Asker: 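The structure follows.
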Amino acid sequence: MSGRRYQQIGKEPSSSLLKRIVCLGSLFLVLVGVTRKYSSPLIKNGSSLEAKGDDDDDVVMISEQAPSFSVKLLDGSYFSYDADARGDAVPMIIVRADASDPYIHWMLQDTESMHGLSQHFPSGCTLVFVGADTAGVEFIKDIARIWSSQRPDWKFAAEIIPSSLSAVLSSTAFLSPRYRWETNTASGDRLDCFFEWCDISISVNITTKYAGDACSDDFVTRAALGEFLDVDAVIVNDDSCDSVTAAALRVFHKAPNVAGVFVSTVSTQEPIGDYTSDWYSTFATTITQADAMTIMQSADDSGIVSIDLTTTDVTGYFVGVQYTGALYNLGYRLIQDARYLAWEGVFLEYLTKLEKDDKSFLEIPIFELDVLNDMTSNKIVDLPPFSLAARFETMQVVTDLTCAGDTDSSCPKWDHCITLLADCFDDDSTSRRRTSEVGGADNEFIRYITPFRRNVGKWESDRSPLLPLFYPTQATKTCNVTGLATGGEWRLTTSLRLSNYVSNKRLAPTSILPIIFDDYDADATSHKMEFDSLAAYNANKSLSFTVSNSISKILLVATISGHGDCEFESTSHHYQINDKIYSIDFFGAGTMWGCDDTTYVGEIPNQAGTSNYGRDGWCDGAPVQMHSFDITDAVSTTTINNLTYSAMSYGDDDKRWYASVKHVYLPPTTLTDGCDGYMLISAYLSFYQEI
């Protein structure tokens with residue numbers, strides 16, 4: 001990769017238009033592409049951070065180009081990045097290895113953690129390890145001894161971080177948190193428990209006392225006598241315990257009044273817990289036994305010491321470089337696992353594929369940094385003639401989702417739905433949905449789920465069968481597009497992108513039928529999509545339709561997502577067309593990595609919440625998938641056709657959960673009578689004719 005440069009594109013303001021002339025047979029088209037400014041978050045790794053103002057000299061902005069640098073590698077060769085050289089490039093993640101930080105040390109030395117990184121980090125992204133100091137270089141040597149043979153494409157530096165990169169990581173935008181404890185006389189590092197265990201809101205002053213060996217009889221006796229009733233947490237050691245996790249379990253089982261625990265250990269610090277714990281309201285952390293003794297030197301006459309749990313900003317541990325050459329800040333560090341880096345690498349590779357897609361296209365702008373919140377946003381969109389639009393094989397919805405500010409912390413906290421509707425018909429379209437989330441209207445052409453506080457949404461979603469939604473007649477010239485969002489303020493830059501022009505005869509979608517069932521409430525304003533029982537949900541979900549013999553192809557398309565109490569429950573959905581059944585299942589719901597493992601298709605990684613878990617047909621920070629089936633062979637052009645929809649729901653399964661921790665996904669085995677939430681569904685029959 002030496003001497004290559006990341007192509008600089010997408011940096012002009014979004015109001016700038018680029019016009020390209022392309023010859024398609026005998027037809028010349030003006031292809032208009034909206035050039036947008038793709039912003040990335042300005043955050044610390046693991047906590048939110050506002051960017052400094054432009055007058056701060058030391059600020060390095062995320063949109064800036066990465067600096068040139070060169071490092072000598074352990075094998076004696078050099079790895080160089082030249083910001084001014086031209087040529088193809090791949091994205092890159094740089095790790096500043098600091099062996100003194102227990103978080104970084106655990107992440108990069110634990111076998112399971114590094115195995116996950118080795119297995120999941122993509123070949124289309126470069127990973128560079130550089131030392132924070134000389135101890136960091138020795139740490140890198142230890143890492144390389146184990147992993148360089150398995151991942152020869154990784155770059156292991158034999159020297160400390162170059163000054164140009166150090167300047168970037170020392171800038172406010174790239175600082176990392178270091179988790180600390182402090183007494184009135186001393187301070188030290190701590191390694192917090194796995195995300196599923198930690199009450200991460202606990203970062204205040206707590207009282208504690210030393211309780212000795214957690215697995216000893218003495219500890220049990222002292223706990224039974226109520227010795228620890230007057231403190232928030234205890235400090236124990238794991239001398240006779242099998243692990244730090246066993247020590248923590250012992251504390252919480254034998255002293256249930258204790259809200260938190262410090263486990264001190266002489267061995268390598270490791271995080272307490274695993275991926276199956278349900279101790280969401282507890283605090284557990286590990287410290288060294290030397291630090292435990294230092295802490296107790298500050299104890300009062302009753303043996304109690306007051307400790308502040310703090311976070312200190314330090315020179316950043318990670319920085320990314322996009323394919324474009326722009327600096328990229330990795331997301332929130334909420335798990336003690338190197339797969340944190342793998343998912344970011346996968347996402348950078350995904351962004352690269354979008355940037356490198358240089359096919360010719362006709363772009364129809366819809367929204368440009370339009371604000372979507374609980375209010376409606378409407379745009380009258382000028383459409384090309386249907387005779388032109390239908391000549392393109394592909395229609396994509398291209399969207400950049402950003403926030404009110406430039407930082408992740410400016411984004412809304414919670415995940416919600418965004419829906420875009422094509423209000424192009426003369427009749428009134430009714431949004432048949434529960435009021436909790438938007439989505440599921442009979443004119444919806446795409447649905448997104450917002451991320452937990454990340455500012456990097458970018459997607460290109462194929463919606464080719466839905467072209468007729470924008471053309472109720474072939475004479476239609478404009479369409480009103482409506483955007484709705486639930487909860488918080490988001491900014492959308494969206495367009496329709498038509499590509500793959502065909503000048504010869506082709507099959508094109510010319511008409512569309514929304515799949516609407518006769519199951520309205522009496523007031524005709526809501527749709528019975530509550531999935532409280534199989535019998536009630538599946539009742540009256542049938543319709544009949546006829547097809548002209550001029551139709552050559554029919555697609556069934558459906559966008560389905562389960563919410564409320566259905567969010568983490570598996571469901572399956574079945575459309576029967578005459579005697580054939582077409583099924584969709586969401587068996588990744590409720591699994592450990594069900595959504596993080598979809599980062600390769602654009603799910604935003606490392607969000608400020610539980611975005612890793614699989615959901616019922618959707619993931620945070622991603623479009624809801626449109627499922628498509630060719631049902632042509634199932635349909636008759638001479639008789640009435642019958643369509644019936646039904647769904648099934650499934651319960652939790654421990655075997656599935658444990659398998660999913662290892663990225664193995666098993667189908668559920670237990671049927672339930674509904675999932676007690678609701679489904680958002682927009683489904684259509686799209687009819688194709690030769691044009």
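Worth saying up front: this structure is predicted, and the values here are computed from it rather than measured. Hydrogens, waters and symmetry mates are skipped; everything else that's a heavy atom, side chains included, is used.
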Asker: With no hydrogens and no angle check, is any side-chain donor or acceptor of S686 less than 3.5 Å from a backbone partner on L466?
Answerer: no
Asker: State, yes or no, whether a side-chain contact exists between Y332 and R453 at a heavy-atom distance under 4.5 Å.
Answerer: yes
Asker: Flag the pair Y684 / E444 as yes when at least one side-chain heavy-atom distance between them is below 4.5 Å, and no otherwise.
Answerer: yes
Asker: Do any N or O atoms from the side chain of D616 and from the backbone of S561 form a donor-acceptor pair under 3.5 angstrom?
Answerer: no
Asker: Do you know the tightest heavy-atom contact between F361 and S499?
Answerer: CB-CB, 4.1 Å
Asker: Between K379 and D370, is there a side-chain N and carboxylate O pair less than 4.0 Å apart?
Answerer: yes
Asker: Please name the pair of heavy atoms, one in N329 and one in R454, separated by the smallest distance, quoted to 0.1 Å.
Answerer: O-NH2, 3.3 Å
Asker: Just verifying a value: how many Å separate T324 OG1 and K356 NZ, rounded to the nearest 0.5 Å?
Answerer: 12.5 Å
Asker: Applying side-chain contact (heavy atoms from CB on, under 4.5 Å), run through F470 and M395 and close with a yes or a no.
Answerer: CA-CA 11 Å; F470 297 90; M395 181 184 77; 3.9 Å; yes
Asker: Measuring centre to centre across the rings, with the benzene-like ring taken for any Trp, is H627 within less than 6.0 Å of Y582?
Answerer: no
Asker: With distance as the sole test, does D597 use its side chain to make a donor-acceptor pair with the main-chain N or O of C595 at under 3.5 Å?
Answerer: no
Asker: Show your reasoning for whether side-chain contact (heavy atoms from CB on, under 4.5 Å) applies to Y575 and I631.
Answerer: CA-CA 10 Å; Y575 290 89; I631 63 170; over 6 Å; no
Asker: Which class fits the ring pair F386 and Y471: parallel under 30°, tilted 30 to 60°, perpendicular over 60°?
Answerer: perpendicular
Asker: Got a sec, which residues hit side chain to side chain donor-acceptor pair (under 3.5 Å) with T637, two or more places apart in sequence or on another chain?
Answerer: none
Asker: For the residue pair H416 and W490, is the inter-centroid distance of their aromatic rings smaller than 6.0 Å?
Answerer: no
Asker: Answer whether the closest heavy-atom distance between the side chains of Y688 and I554 falls below 4.5 Å.
Answerer: no
Asker: Does the side chain of S552 pick up a donor-acceptor pair with the side chain of E690 at under 3.5 Å?
Answerer: no
Asker: Tell me, do Q396 and L496 make a side-chain contact under 4.5 Å, heavy atoms counted?
Answerer: no
Asker: Is a side-chain N or O of S649 found less than 3.5 angstrom from the main chain of G674, in a donor-acceptor match?
Answerer: yes
Asker: Is there a side-chain contact between Y501 and L362 in this structure, where contact means two heavy atoms from C-beta onward sitting under 4.5 Å apart?
Answerer: no
Asker: Taking N642's backbone N and O only, do any of them form a donor-acceptor pair with N578's side chain (distance below 3.5 Å, no angle check)?
Answerer: yes
Asker: For L354 and W459, run side-chain contact (heavy atoms from CB on, under 4.5 Å): C-alpha distance rounded to whole Å, both residues' side-chain angles, the deciding distance at 0.1 Å, then the answer.
Answerer: CA-CA 8 Å; L354 298 187; W459 306 287; 6.0 Å; no
Asker: To the nearest 0.5 angstrom, please state how far the CG atom of D585 sits from the OG atom of S570.
Answerer: 8.5 Å
Asker: Verify the distance criterion only: is there a donor paired with an acceptor across the side chains of T599 and Y350 at less than 3.5 Å?
Answerer: no
Asker: Between Y645 and F517, is there a side-chain heavy-atom distance shorter than 4.5 Å?
Answerer: yes
Asker: Starting at OG of S572, measure out to CD1 of I584 and round the result to the nearest 0.5 Å.
Answerer: 10.0 Å
Asker: Where is the tightest heavy-atom contact between L680 and R447, given as atom of each residue plus distance?
Answerer: O-NH1, 3.0 Å
Asker: Any chance you could measure T598, atom OG1, to E603, atom CD, to the nearest 0.5 Å?
Answerer: 4.5 Å
Asker: What is the minimum heavy-atom distance between G677 and D532, and which atoms define it?
Answerer: O-OD1, 4.0 Å
Asker: Is T473 reaching over with its side chain to a backbone N or O of A475, donor-acceptor style, under 3.5 angstrom?
Answerer: yes
Asker: Before we go on, tell me: are the rings of F531 and Y537 under 6.0 Å apart, centre to centre?
Answerer: yes
Asker: Between the side chain of R463 and the main-chain N/O of T394, is any donor-acceptor distance below 3.5 Å?
Answerer: no
Asker: Do the charged groups of E393 and R391 touch, with an N to O distance under 4.0 Å?
Answerer: no
Asker: Do N612 and T610 make a side-chain contact, defined as non-hydrogen atoms from C-beta onward lying under 4.5 Å apart?
Answerer: yes
Asker: What residues form a side chain to side chain donor-acceptor pair (under 3.5 Å) with S583, not counting sequence neighbours?
Answerer: H574
Asker: When you compare the side chain of L555 with that of F687, does any pair of heavy atoms fall below 4.5 Å?
Answerer: no
Asker: For the pair E344 (side chain) and G331 (backbone), establish whether a donor and an acceptor sit closer than 3.5 Å, ignoring hydrogens and angles.
Answerer: yes
Asker: Should the heavy atoms of other residues, nucleotides or ligands under 6.0 Å from CD1 of I380 be counted, would the total exceed 12?
Answerer: yes
Asker: Just say parallel, tilted or perpendicular for the rings of F347 and Y328, cut-offs at 30° and 60°.
Answerer: tilted
Asker: Are the side chain of W618 and the backbone of G562 linked by a donor-acceptor contact shorter than 3.5 Å?
Answerer: yes
Asker: Step by step, work out the side-chain hydrogen bond (donor to acceptor under 3.5 Å, both in side chains) result for E363 and S495.
Answerer: CA-CA 6 Å; E363 191 138 12; S495 63; 2.3 Å; yes
Asker: Could you tell me which residues satisfy salt bridge (Lys or Arg N to Asp or Glu O under 4.0 Å) with R615, sequence neighbours excluded, listed by chain and number?
Answerer: E567, D620
Asker: Decide yes or no on side-chain contact (heavy atoms from CB on, under 4.5 Å) for N641 and F545, but give the supporting numbers first.
Answerer: CA-CA 5 Å; N641 298 281; F545 62 95; 3.5 Å; yes
Asker: Can you see whether T482 engages D423 through a side-chain donor-acceptor pair at a distance of less than 3.5 angstrom?
Answerer: yes
Asker: For I577 and A634, which heavy atoms make the closest approach, and how far apart are they?
Answerer: O-CB, 3.9 Å
Asker: With I418, which of I446, L484, L492 fulfils side chain to side chain contact (heavy atoms under 4.5 Å, CB included)?
Answerer: L492
Asker: Does I604 offer a backbone N or O that forms a donor-acceptor pair with the side chain of Q607 under 3.5 Å?
Answerer: yes
Asker: Nearest 0.5 Å, what's the OG-CG distance between S410 and N455?
Answerer: 5.0 Å
Asker: Look up atom OG in S682 and atom CD1 in I515, then write down how far apart they are to the nearest 0.5 Å.
Answerer: 10.0 Å
Asker: Which heavy-atom pair separates S550 from Q689 by the least distance, and what is that distance?
Answerer: OG-NE2, 3.0 Å
